[in-house]
Structures are given as C-alpha cells and as structure tokens.
Amino acid sequence: MHNWRWEVFLEPAQGGSGATYLDWVLVGLRMTAAVSLCSWVIALLWGSLMGIFRTYPSKLLYGLSTAYVEVFRNIPLLVQLFLWYFVAPEVAPLGLGAWFKQLHPNLQLFVASMLCLGFFTGARITEQVRAGIESLSRGQKAAGLAMGFTLPQTYRHVLLPMAFRIIIPPLSSECVNLVKNSAVASTIGLMELAYQGRQLVDYTAQSYESFIAVTALYVALNLLILLFMRWVEKKARVPGFMGGGGR
Amino acid sequence: MITIRNVSKIYPNGFQALRECSTQVEKGEVIVVCGPSGSGKSTLIKCVNGLEDFQQGEILVDGTSVGDPKTNLPRLRSRVGMVFQHFELFPHMSILENLTVAQVKVLGRSQDEATERGHKLLERVGLKAQAPKHPGQLSGGQQQRVAIARALCMDPICMLFDEPTSALDPEMINEVLDVMVELAQEGMTMMCVTHEMGFARKVAHRVVFMDEGRILEDAKKDEFFGGARTDRAKLFLSKILSH
C-alpha cells in the first residue's frame with residue numbers, strides 16, 4: 001500500500017533555502033506559464049504572418065511560408081528542441097551564437113525552449129490562418145479591392161477580422177497543445193512543471209503525490225486557457241453570423 | 001467614360017473567357033450586358049475595375065488604362081462603384097461601418113464626415129433604421145441596397161453591377177431594382193450585368209448581348225428588343241421573355 005503523505009508539500013525542501021516542496025511546484029508552474037506565454041506570442045505573430053503569406057499572390061512569399069510549414073511540421077518536436085539548444089548556437093550567424101552562449105545557463109534553456117515551441121506551434125497556426133482566410137468567400141476579397149483598398153488593407157480590414165474569428169476554436173486547442181508540449185523542455189533541463197515533478201519524486205520519494213499535483217496543475221492551467229478563449233470567442237461574436245444571436 | 005477595345009482573356013489552362021470584346025459606355029449612359037451563363041459577361045465587367053486581368057486589348061476608365069501596370073488600381077477602383085451578386089458586405093462590421101470604412105481609410109475623410117454621408121445614403125435606400133445592425137441580420141434585398149449605398153458613399157464616377165438581383169428571393173428583387181432605376185434616372189453612368197429585361201426596357205440606353213466570350217450584339221435598347229440581329233440573341237430573348 002502507498003503511504004499517502006500530502007503534508008510533504010509543506011515540508012522544507014532539501015537545500016536549506018527555506019523553500020517548501022510546494023514552492024518547488026509553484027516555481028515549475030510559473031516557468032511553464034512563462035515559457036508557454038512567450039512561445040504563444042511568437043507562434044501567433046509569426047504564424048499569422050506566414051498564414052497570410054500562404055494565401056498571398058506572390059510566388060516568393062508562398063514558397064517561403066510553405067517551406068517553413070513543411071519543415072517545422074515534419075520534424076519531431078523533441079528533435080527540434082535539441083536542434084535549437086545544441087546545434088543552433090553553433091551555426092547561428094551574426095554573432096547570435098556567441099550572444100546566446102554568454103547568457104546565464106537558465107536563460108539559455110528558456111530562450112531555446114521558447115523559440116522551439118514558438119516556431120513549432122507557429123507552423124500549425126500558419127495552416128489555421130490560411131484555412132481561415134480560404135474559408136471566406138472569394139467575393140470578400142474582391143469587394144475589399146473594389147472599394148479601393150490596397151491588398152494589405154483588404155487583409156487588414158476585410159479578410160483577417162473574419163478569418164481570426166472563425167479560427168478561434170482551433171486556436172484554443174493549439175494554445176492548450178502548446179502548454180502540454182512545453183513539458184519536452186524538461187529534457188534539456190528547463191525547470192518547468194514536469195521537470196519539478198520529477199525533482200520532487202527524487203527528493204521526497206512520494207511519486208503519487210508529486211505527479212498528481214503536477215497533473216492537476218496542467219489540467220487547471222489548460223482549463224483556464226479554454227475558459228479565457230471561450231470568453232474571447234463570445235466577445236468577438238458577430239451578430240447574425242454563425243450562431244451570433246438573432247435578428 | 002468606359003472604353004473597352006479588343007479585350008481578350010485567356011486563362012492559363014487555355015480557356016478563353018473573352019474574345020476581342022469592344023464596347024463603350026458614355027457618361028450618363030446605362031448599358032445592360034446580358035447573355036447565357038458562362039458567356040463571359042461577369043468576367044468582362046470585372047475587367048473594367050481590374051478585378052480580373054486580361055491578356056489582350058485595352059480598357060480605359062475616365063481616360064485611365066486599367067491594364068497598364070503603372071496604373072494605381074486602388075485609386076481607380078475607389079472611383080468606380082461595384083455591386084456584387086452575393087452582396088459581399090463585410091459581416092463583422094455594422095451597416096454604418098460598412099459604409100464608412102473605405103471613406104475613411106481610402107478617401108481620407110474624417111469619421112464625422114463619413115458617418116454623415118453614410119447616414120444620408122442609408123436614408124436614400126430606405127434603410128436608415130438599420131445603421132447599427134450587422135449584415136447577417138438583414139434580408140438579402142436589404143443587404144443589396146446597403147451594398148449599393150456603400151458604393152455610392154465613395155462618390156463614384158460610374159457604377160458596375162454584377163448580377164445584383166440573381167441571388168435574391170423574387171419578392172426582394174424589385175426593392176433593389178427600384179434603387180437602380182432611380183440611380184439611372186439621376187444620370188449615373190452604369191454598366192449592369194443582369195437578366196432583368198424589365199429593368200433594361202425601362203432605363204437602359206443600350207443592350208450588349210454576349211455568348212461564348214464574344215459580344216454578339218451591341219445595340220440601342222429599342223433595336224435590340226425590336227428585333228435582335230443574331231439567332232443566338234433571338235433564342236435567348238424568346239427563352240427569358242416567354243413567361
């Protein structure tokens with residue numbers, strides 16, 4: 001029988017800093033939230049830009065964005081993380097590699113994880129943005145241009161506002177995926193939630209309590225995100241469009 | 001106002017949508033373009049404001065060449081109003097915003113000025129009360145009247161109509177045609193792709209009949225309805241006027 005000892009979280013952790021094991025878990029939670037948030041910003045901005053390029057009438061931009069998607073979607077996330085952390089600093093141009101290597105080791109872990117998750121998720125968002133734009137009728141683009149908008153203005157004022165509304169649900173699940181994927185960063189040593197969970201097991205030998213706590217926090221974090229995205233979806237709802245309220 | 005000279009359009013797959021089309025629309029003139037589906041009439045009208053490109057020939061709008069790569073197309077288009085078969089209002093904007101957005105972003109008018117003009121034109125098409133609603137909350141006929149008002153807000157030098165009543169319920173067609181007739185009677189230069197022969201009879205100066213990418217007839221209204229020259233046009237007329 002397992003000897004349940006939930007009070008373990010309130011005990012002072014080894015190392016003598018005065019922190020409890022609960023503090024360790026919270027440090028992990030904060031790190032997971034921070035790396036996920038930073039990656040999400042990169043993924044959303046970069047993915048939107050690439051998604052626009054995927055639909056833009058320019059062979060160069062279409063080719064660039066397509067190549068990006070195919071590369072980043074078809075390499076395992078774990079391999080990408082190793083590439084960002086171990087290989088990229090060696091081959092990066094413009095002195096970026098040297099700059100990276102003089103960062104604090106913890107910051108190196110954070111930056112590599114953030115870029116990895118950001119550009120991996122960005123490739124998936126690219127495809128969603130493209131699908132969102134393509135789901136609009138071709139006449140919408142024509143109508144925007146016919147009013148005298150330039151093509152960038154047509155995207156800005158006509159196509160993107162609707163495309164983004166349409167893809168809020170898949171974007172929410174992408175955001176949740178990002179949080180879950182961030183656990184791979186524990187493999188290079190980023191002290192996020194999954195990593196701290198393992199640490200806890202090593203130090204306290206209370207594996208059930210440790211992993212139940214970590215699991216519950218992942219679930220709570222993701223439920224919070226889904227709740228927030230549902231609120232965004234409601235706020236962005238267009239009257240008379242796709243269940244957006246009656247006449 | 002609009003001059004179309006020997007315009008041909010060939011798609012990359014080899015399909016020729018337009019074959020040496022030539023016609024012109026004078027200032028204040030209303031012409032109706034008709035013909036069976038697939039005859040190229042929608043393609044032709046979209047070439048006029050550069051929404052479709054063409055490989056041969058020349059189109060001049062108020063002296064500006066549409067096909068010239070140096071032409072500022074957005075500027076040209078802002079002076080040419082266009083109304084689409086499926087309305088194409090911007091669904092995320094209120095009716096009023098649909099009317100003001102291009103005035104502000106393209107013409108550089110102030111928000112107040114654009115709003116005033118928007119309200120005036122909504123009143124004109126009889127939809128003043130709908131200003132705060134969204135397109136999805138309006139009927140098809142109402143949406144198309146808003147679309148006409150949206151185009152008129154830009155003070156266009158001419159108007160293009162691409163089958164403006166084809167997607168409407170029968171009982172809503174007249175409310176849209178009434179607005180168009182009024183516009184024609186005020187002297188607006190109009191090029192209308194439509195099958196509404198009643199509208200053509202009432203206000204058109206000329207009728208252009210197209211088939212398989214060619215302009216087969218380009219005649220004064222009375223001549224066209226009095227006796228079309230080609231068998232193809234006669235057949236078409238007999239079919240759409242038979243009931």
Side-chain angles (χ1 to χ4, degrees), chain A residues 48 51-52 55-60 62-63 128-129 131-169 171 231-247, chain B residues 42 45-46 48-53 72-95 97-108 130 132-139 142-143 147 150-156 159-163 167:
Chain A
S48 301
I52 291 166
T55 63
Y56 220 73
S58 150
K59 282 208 172 92
L60 176 71
Y62 175 81
Q128 284 163 3
V129 170
I133 293 170
E134 285 178 356
S135 74
L136 304 173
S137 83
R138 292 167 58 89
Q140 283 284 298
K141 182 176 161 191
L145 293 175
M147 294 304 292
F149 285 134
T150 60
L151 190 54
Q153 280 180 320
T154 302
Y155 270 84
R156 160 73 185 79
H157 298 295
V158 179
L159 300 179
L160 293 180
M162 279 315 288
F164 274 110
R165 281 178 168 87
I166 289 167
I167 63 169
I168 290 174
L171 278 185
W231 176 79
V232 171
E233 195 181 344
K234 212 168 165 181
K235 280 275 156 199
R237 200 166 277 172
V238 170
F241 187 83
M242 287 202 321
R247 303 211 147 209
Chain B
S42 278
I45 203 171
K46 282 180 184 147
V48 172
N49 65 350
L51 286 180
E52 294 273 2
D53 59 357
N72 183 345
L73 271 183
R75 204 184 127 60
L76 176 74
R77 287 172 181 145
S78 72
R79 304 174 63 212
V80 178
M82 183 150 200
V83 175
F84 296 85
Q85 182 177 3
H86 295 287
F87 331 134
E88 304 301 351
L89 296 176
F90 309 134
H92 58 291
M93 297 180 196
S94 72
I95 297 304
E97 284 166 337
N98 264 278
L99 271 67
T100 57
V101 62
Q103 292 188 65
V104 174
K105 305 289 178 190
V106 176
L107 300 182
Q130 315 293 339
K133 289 195 180 169
H134 278 67
Q137 297 168 300
L138 267 53
S139 73
Q142 290 174 322
Q143 288 190 57
R150 177 175 71 172
L152 292 175
C153 276
M154 307 292 283
D155 297 316
M159 289 283 288
L160 308 174
F161 291 85
D162 184 10
E163 304 206 33

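Computed from heavy atoms alone, side chains included, the values below leave out hydrogens, waters and symmetry copies. In what follows, chains carry the letters A, B, and so on, assigned in the order in which the sequence lines appear, proteins first and then strands, with residues in each chain numbered from 1.
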Task: Most contacts with chain A, counted as non-hydrogen pairs under 4.5 angstrom, among B:His92, B:Gln103, B:Met82, B:His134 - done: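 The answer is B:His92.
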Task: Which of B:Cys153, B:Ala102, B:Pro91 touches chain A most, by non-hydrogen pairs under 4.5 Å - done: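 When all of B:Cys153, B:Ala102, B:Pro91 are compared, B:Pro91 has the most.
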Closest contact, heavy atoms only, [X] versus [Y]:
X: B:Asn49; Y: A:Ala146; result: ND2-CB, 3.9 Å
X: B:Met93; Y: A:His157; result: CE-O, 3.3 Å
X: A:Met147; Y: B:Met154; result: O-CE, 3.3 Å

TODO: Measure A:Thr150 against the heavy atoms of chain B and call it side chain, backbone, both or neither at under 4.5 Å.
DONE: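 A:Thr150 touches chain B through backbone and side-chain heavy atoms alike.
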Open item on the list: With a 4.5 angstrom heavy-atom cut-off, is it the side chain or the backbone of A:Gln140 that approaches chain B, or both, or neither?
Closed with: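 Its backbone and side chain both get close to chain B.
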Using non-hydrogen atoms only, which part of [X] is less than 4.5 Å away from chain A: side chain, backbone, both, or neither?
X: B:His86; value: neither
X: B:Arg150; value: both
X: B:Phe90; value: both
X: B:Leu89; value: backbone

